[in-house]
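Every chain is numbered from 1 and lettered A, B, ... according to where its sequence line falls, protein lines coming before strand lines.
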Protein chains: 2
Amino acid sequence: MASLQEVARRAKVSIATVSRVLNHSDKVVPDTRAAVEQALRELDYRPSRVARRLRMNSGHAHLVGLIIPDIQNPFYAEIARGVEDAAYAAKYALLLCNSDESPEKERFYLDVMRDESVDGIVLPPFDETDVAVIEFLKTGIPVVCVDRSLSKAKTDLVEVDNYRGALDAMAHLIAKGHKHIGLIEGRAQVSTSRERRRGYLDALAENGLAVRKDLMRAGDFKQESGRVLANELLDLRKPPTALFVCNNLMTVGALSAIHQRGRRVPQDVAVVGFDDLPWAEVLDPPPTVVRQPAYDVGRQAMELLLKRIIEPARPPVTVRLLPELVVRRST
Amino acid sequence: MASLQEVARRAKVSIATVSRVLNHSDKVVPDTRAAVEQALRELDYRPSRVARRLRMNSGHAHLVGLIIPDIQNPFYAEIARGVEDAAYAAKYALLLCNSDESPEKERFYLDVMRDESVDGIVLPPFDETDVAVIEFLKTGIPVVCVDRSLSKAKTDLVEVDNYRGALDAMAHLIAKGHKHIGLIEGRAQVSTSRERRRGYLDALAENGLAVRKDLMRAGDFKQESGRVLANELLDLRKPPTALFVCNNLMTVGALSAIHQRGRRVPQDVAVVGFDDLPWAEVLDPPPTVVRQPAYDVGRQAMELLLKRIIEPARPPVTVRLLPELVVRRST
DNA sequence: TTGTACGCGTTATCAC
DNA sequence: GTGATAACGCGTACAA
């Protein structure tokens with residue numbers, strides 16, 4: 001744990017000189033430079049990121065935060081991976097936190113980010129009006145939203161065309177002849193939910209299909225709610241012949257509910273999910289899904305963040321990526 | 001971003017007094033305390049974790065590191081979740097990094113941990129002789145190993161009884177009448193691989209079954225290697241009738257290879273995996289696995305770490321958790 | 001080209 | 001009880 005002081009002493013120079021050979025490699029004569037470098041090596045010197053961060057105003061921490069709702073959700077894990085890869089490529093470290101879809105945890109970690117003086121953060125806001133995030137913007141620390149957007153603030157944003165994805169999913173189901181399609185959506189206040197629901201409704205309307213309110217259920221993005229809501233739907237007097245399930249975990253829940261009832265997919269009920277599932281090929285059945293390019297979402301978000309750290313005043317940009325319908329055997 | 005200075009000025013006291021009302025709530029008369037607290041509120045003061053960390057020697061960062069090989073692997077995601085929950089409960093933030101089973105990335109993040117002066121780290125070492133981790137121990141920053149152990153250093157450790165797990169898996173297969181059991185293991189230098197292989201061999205020996213070297217293959221813990229090695233084994237002149245696959249991702253790879261060849265599980269080949277798989281009930285077939293209590297591994301590791309942070313000199317302890325054979329329909 | 005000295009925001013040790 | 005003040009390790013004007 002050698003400090004600049006000790007290195008300077010050993011090299012018989014001042015700390016300023018040591019600092020100079022470390023940073024702006026300018027103006028230092030080869031001789032002293034060599035001496036300093038040797039001392040550096042001998043003491044195995046490593047600069048303290050903490051002291052550096054305290055000294056520099058901001059944008060030099062080489063540390064960014066990522067707050068995701070659930071690290072065990074493969075969709076977010078993939079985003080995290082994209083962010084991580086881009087961060088690592090730029091030699092940035094990542095303060096990764098798990099908000100558990102809980103505003104309190106989100107707020108706690110947002111505070112940590114601020115108190116740690118990170119260079120920026122990326123996160124999917126809890127919902128469209130996430131006050132904790134809005135509040136955080138005041139710190140001036142750059143924020144890039146991913147997946148979900150904020151309604152009353154403009155930040156950099158990387159999202160997927162959820163409306164288009166829902167349209168594709170519904171078109172596919174309708175082409176298969178389904179007229180009664182159940183919707184299992186997520187929390188209504190989340191931008192992705194709103195867009196997917198809009199796609200569901202528009203697809204119905206454009207194809208002259210009636211909207212049945214009893215076929216529309218809202219869950220919480222978790223597996224259990226997919227199970228429960230699928231059961232509710234299938235218990236209906238006039239059950240749907242197909243399900244459009246708006247995220248990966250709820251799709252698994254729905255699938256397992258259908259299995260448990262001894263019904264067959266897709267013969268008895270067809271299912272289209274949102275988000276691809278890992279190991280889709282060994283699922284029973286391999287599910288048809290709207291695949292989101294989650295890795296790219298993360299990667300591009302991090303790249304946007306790096307640009308903004310360098311140039312804080314640049315106008316916010318929105319990157320909208322295209323989802324892709326992957327037809328497998330659940331439809 | 002108000003500092004102690006500004007709060008002090010506003011409350012017309014010294015920074016020492018402000019610091020006192022914040023920390024040791026001792027010795028400060030109600031009047032001044034009230035004034036300070038009001039200033040604190042008005043300025044929305046938040047202490048800088050960075051400055052605090054620079055000042056305090058160690059053990060007060062309220063920040064710990066977690067380095068895992070692959071955040072997209074559900075086993076590690078579950079460990080991470082356990083660590084995270086225990087950390088959050090103690091109001092610690094987590095610097096979570098993804099080493100990608102790469103020694104260089106591991107070293108980079110280890111350096112970050114050191115340079116950030118974290119209070120401690122938890123990680124599964126790359127292998128038994130992981131030099132980067134051994135080196136890191138010299139910093140004096142507490143290290144808790146999870147899942148995998150170090151052969152030439154004693155640290156706190158939370159592991160699973162891998163030998164017992166392998167024994168159970170093999171006993172199950174042997175009871176089903178299998179005599180030619182293929183082994184797909186991970187990198188040999190990893191403690192978990194060694195133990196599982198030992199279980200495999202001992203089970204064979206104890207049941208008077210011959211060891212066939214051609215039935216033993218080593219992969220890299222990733223899905224692709226499971227696929228490739230399963231194919232190699234099934235291509236054998238005398239292929240195994242059952243597979244013992246030593247981690248989750250390789251199990252998925254093996255399963256998909258078998259599917260692709262049009263063979264049935266378990267009729268043509270039985271499969272036991274190590275590590276449970278999420279959504280096992282919707283897999284085809286639901287796999288029989290040796291389930292590791294990954295969440296508890298993470299939780300207990302973090303609890304061990306917290307204890308060590310408080311009491312750095314306590315003797316290292318090893319916690320060994322029991323795995324559980326979950327019999328489903330792949331055997 | 002190199003060295004001195006200050007400040008970043010804390011905590012802690014002294015005096016008063 | 002409270003207030004100066006000295007660190008912690010670093011970057012950088014400014015002086016030499």
Taking protein heavy atoms under 4.0 Å as touching, what does nucleotides 6-16 of chain D look like 5' to 3' if B marks base contact, S marks sugar-phosphate-only contact and - marks none?
BBBBBBB----
With sequence neighbours excluded, tell me which residues meet salt bridge (charged side-chain N to carboxylate O under 4.0 Å, His left out) with Asp44(A).
Arg114(B)
Please report, rounded to the nearest Å, how far the P atom of dT10(C) is from the CD atom of Glu116(A).
13 Å
Rounded to whole angstroms, how far apart are CG on Asp31(A) and C1' on dT2(C)?
14 Å
Not counting sequence neighbours, list each pair that qualifies as a salt bridge (Lys or Arg N to Asp or Glu O under 4.0 Å) and has a residue in residues 49-63 of chain A.
Arg49(A)-Glu116(B), Arg53(A)-Glu116(A), Arg53(A)-Glu116(B)
Compile the donor-acceptor pairs under 3.5 Å between side chains in residues 71-80 of chain B and protein atoms, sequence neighbours left out, one pair per line.
from: Asn73(B); atom 1: OD1; to: Phe75(B); atom 2: N; distance (Å): 2.8
from: Asn73(B); atom 1: OD1; to: Asn248(B); atom 2: ND2; distance (Å): 2.7
from: Asn73(B); atom 1: ND2; to: Asn248(B); atom 2: OD1; distance (Å): 3.3
from: Tyr76(B); atom 1: OH; to: Asp147(B); atom 2: OD2; distance (Å): 3.2
from: Tyr76(B); atom 1: OH; to: Arg148(B); atom 2: NH2; distance (Å): 3.2
from: Glu78(B); atom 1: OE2; to: Tyr295(B); atom 2: N; distance (Å): 3.2

Side chain to side chain donor-acceptor pair (under 3.5 Å) contacts in which one or both residues fall within residues 309-320 of chain B, not counting sequence neighbours
Glu159(B)-Arg320(B)
Compile the donor-acceptor pairs under 3.5 Å between side chains in residues 131-145 of chain A and protein atoms, sequence neighbours left out, one pair per line.
from: Glu135(A); atom 1: OE1; to: Lys138(A); atom 2: NZ; distance (Å): 3.4
from: Thr139(A); atom 1: OG1; to: Phe136(A); atom 2: O; distance (Å): 2.7
from: Thr139(A); atom 1: OG1; to: Ile141(A); atom 2: N; distance (Å): 3.1

Within the 4.0 Å heavy-atom criterion, would you say Val50(A) contacts the bases, only the backbone, or no part of the nucleic acid?
nothing
